[in-house]
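One structure below.
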Amino acid sequence: MKGKTKHIFITGGVVSSLGKGIASSSIGFLLKKLGYEVTIQKFDPYLNVDPGTMSPFQHGEVFVTDDGAETDLDLGHYERFIDKSLSQKSNCTAGQIYDTIITSERKGKYLGKTVQVIPHITNEIKKRIVSLDKDSDIVITEIGGTVGDIEGLPFLEAIRQFRLDYGAENCFFIHLTLIPYISAAGESKTKPTQHSVIKLREIGVQPDMLICRSEKKITKEMISKISLFTNVVPENVIKGIDTSCIYEIPLEFYEQNVHKIICDHFKISVSSIDFSKWNKMVYDYKNSQKQVTIALCGKYVCHQDAYKSVVESLFHAGISSSAKVEIKYIDTEKHFTDIDFYSKENIEQLIKNVDGILVPGGFGLRGIEGKISIIKYARENNIPFLGICLGMQCAVIEFARNVLHFKDANSSEFDEKTTHPVIDLMPEQKHIKNMGGTMRLGAYPCKLKPNSVAHKIYNEDIVSERHRHRYEFNNEYRDSFEKNGMIVSGISPDKKLVEIVEIPKNKFFIGVQFHPEFKSRPLKPHPIFRDFIKAAISQPGG
Ligand code: GLN
């Protein structure tokens with residue numbers, strides 16, 4: 001595309017969790033399908049430098065990019081929809097912006113000037129907005145938070161200035177709002193949307209398009225009213241009705257010409273889009289006949305976004321096997337507060353009718369013993385099992401305790417005094433004092449053992465996967481494990497780090513030190529998830 005890179009800004013109003021990430025991704029998907037080079041970034045107005053130190057209870061999953069950034073989970077949606085690996089440049093927090101400015105101030109770079117939100121903070125935000133221009137025709141920037149939040153103000157001020165500097169014809173503002181349904185009145189209400197736009201206009205941002213989220217139908221009358229009060233033409237007031245499958249949303253937007261309205265504003269061409277594969281995927285998702293139930297066993301199960309990428313990867317794998325994946329969440333902390341819960345009967349009760357067991361990543365001692373008991377059950381009863389990162393480490397601890405009979409085997413993360421630290425801190429982690437951004441992060445290669453299950457799954461000799469951990473399999477124990485049936489089927493090329501363990505005699509029992517969930521895409525399910533779901537389907541009753 002000739003000319004300046006085009007910028008789309010997406011803000012949110014009324015309440016949080018309206019799905020700005022999915023709206024941004026869906027628009028990115030459509031524009032990419034039109035042949036444009038698209039990238040997406042997220043600005044988070046909080047002061048943490050990145051979400052890596054935040055609890056999943058607060059913030060949901062921490063997504064990891066190839067280049068090792070710990071980011072907001074919306075980057076996972078972006079990658080899955082536009083099928084592109086993003087970098088650390090795609091997530092910027094107020095913490096990073098302030099850190100840059102304060103570091104420069106301490107170095108004396110401002111030559112005696114007073115350092116202020118306007119222009120210093122806003123200039124830094126604008127610099128970050130254009131930092132993705134070089135390789136993109138269109139950059140989509142999602143502003144986290146809700147209009148009216150004090151901490152979001154510098155970002156909104158920056159995008160207002162940006163439109164002035166960069167040219168209104170090159171910028172498009174989208175505001176995502178809520179039309180709540182008041183059941184007592186039997187009516188959907190447009191007032192919160194009107195007020196949210198008033199708030200935006202007070203700061204000088206006039207949206208070009210509104211996407212109105214609603215559980216109920218949005219009528220023509222409602223659209224006219226919204227248009228009148230918000231100064232947005234009726235055609236640009238888009239209905240964002242709830243769907244049963246998030247991958248349907250780009251299709252809904254397409255029906256309402258979202259792509260065309262945006263391209264017309266930018267005066268760029270619109271060609272036809274081939275949706276055949278995507279349509280089939282959505283159709284298969286909604287109409288799959290088979291059903292398979294996976295127990296997802298972790299301590300953050302009460303937060304619906306804590307295992308976002310794992311859940312999406314399971315769905316992608318299900319689609320590839322024409323099966324609907326039902327997830328049974330098992331809280332490994334709450335269900336295991338009483339020692340009796342470790343009994344075989346209680347575990348049987350908990351995972352009744354389950355076809356596969358997945359233990360995902362995590363940190364800290366809470367919930368560990370519950371995970372280990374469930375893994376023991378999966379191993380002994382030959383139930384398909386996938387352990388990811390901490391889940392793999394728990395599978396190693398379980399095997400050490402119950403097969404190798406090292407009764408106090410543990411990870412030194414949970415018991416520093418164990419006589420059998422089968423999982424131990426990586427040597428380079430031993431002297432680390434700062435917790436933020438210091439784990440083994442991002443993509444690293446992994447060599448697969450010929451003829452192993454892992455090798456058959458990937459059908460490759462060497463793969464690249466994303467990591468986020470401090471602890472690792474302790475190599476001193478490798479021989480004992482291998483002699484007794486748990487083999488190492490993936491290692492780092494320097495042979496120092498164990499990346500995959502498996503029990504070949506079981507139907508499917510695999511633990512991976514990395515996070516395959518970050519690389520699964522709706523049309524390209526990750527091979528490990530794909531084969532895990534296949535094994536679960538082949539369970540009696542699966
Ligand atoms: N807590 C473990 C470690 O640091 C596992 C991390 C994870 O599951 N992401 O090694």
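Heads up: numbering here begins at 1 and tracks the sequence. Every number for a ligand or one of its atoms is a count from 1 in the order of the listing. Below, all heavy atoms of this structure are taken into account, side chains as well, without hydrogens, waters or symmetry copies.
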### Query
So, do Ile500 and Leu448 sit near enough that their side-chain heavy atoms are less than 4.5 Å apart?
yes

### Message
Going by side chain to side chain contact (heavy atoms under 4.5 Å, CB included), name the residues that satisfy it together with Ala295, two or more places apart in sequence or in a different chain.
### Response
Cys297, Ile330, Ile351, Val354, Ile357

At less than 3.5 Å, what protein N or O atoms come close to the N or O atoms of ligand 1? Include the distances to 0.1 Å.
from: ligand 1; atom 1: 1 (N); to: Gly362; atom 2: O; distance (Å): 3.0
from: ligand 1; atom 1: 1 (N); to: Glu413; atom 2: OE1; distance (Å): 2.8
from: ligand 1; atom 1: 1 (N); to: Glu413; atom 2: OE2; distance (Å): 3.2
from: ligand 1; atom 1: 4 (O); to: Arg470; atom 2: N; distance (Å): 3.0
from: ligand 1; atom 1: 8 (O); to: Gly362; atom 2: N; distance (Å): 2.9
from: ligand 1; atom 1: 8 (O); to: Gly362; atom 2: O; distance (Å): 3.4
from: ligand 1; atom 1: 8 (O); to: Leu390; atom 2: N; distance (Å): 3.0
from: ligand 1; atom 1: 9 (N); to: Arg468; atom 2: O; distance (Å): 2.9
from: ligand 1; atom 1: 9 (N); to: His515; atom 2: NE2; distance (Å): 3.3
from: ligand 1; atom 1: 10 (O); to: Gln393; atom 2: NE2; distance (Å): 3.1
from: ligand 1; atom 1: 10 (O); to: Arg470; atom 2: N; distance (Å): 3.2
from: ligand 1; atom 1: 10 (O); to: Tyr471; atom 2: N; distance (Å): 2.9

#### Entry: Ring-face cation contact, Tyr78 with Lys42, 6.0 Å cut, 45° max
no

### Heavy-atom closest pair, residues Leu176 and Gly19
CD2-C, 3.7 Å

### Message
With a 4.0 Å cut-off on N to O distance, would you call Asp331 and Lys299 a salt bridge?
### Response
no

### Query
Could Arg401 and Phe399 be counted as a cation-pi pair, given that NZ or CZ must be under 6.0 Å from the ring centre and within 45° of the axis?
no

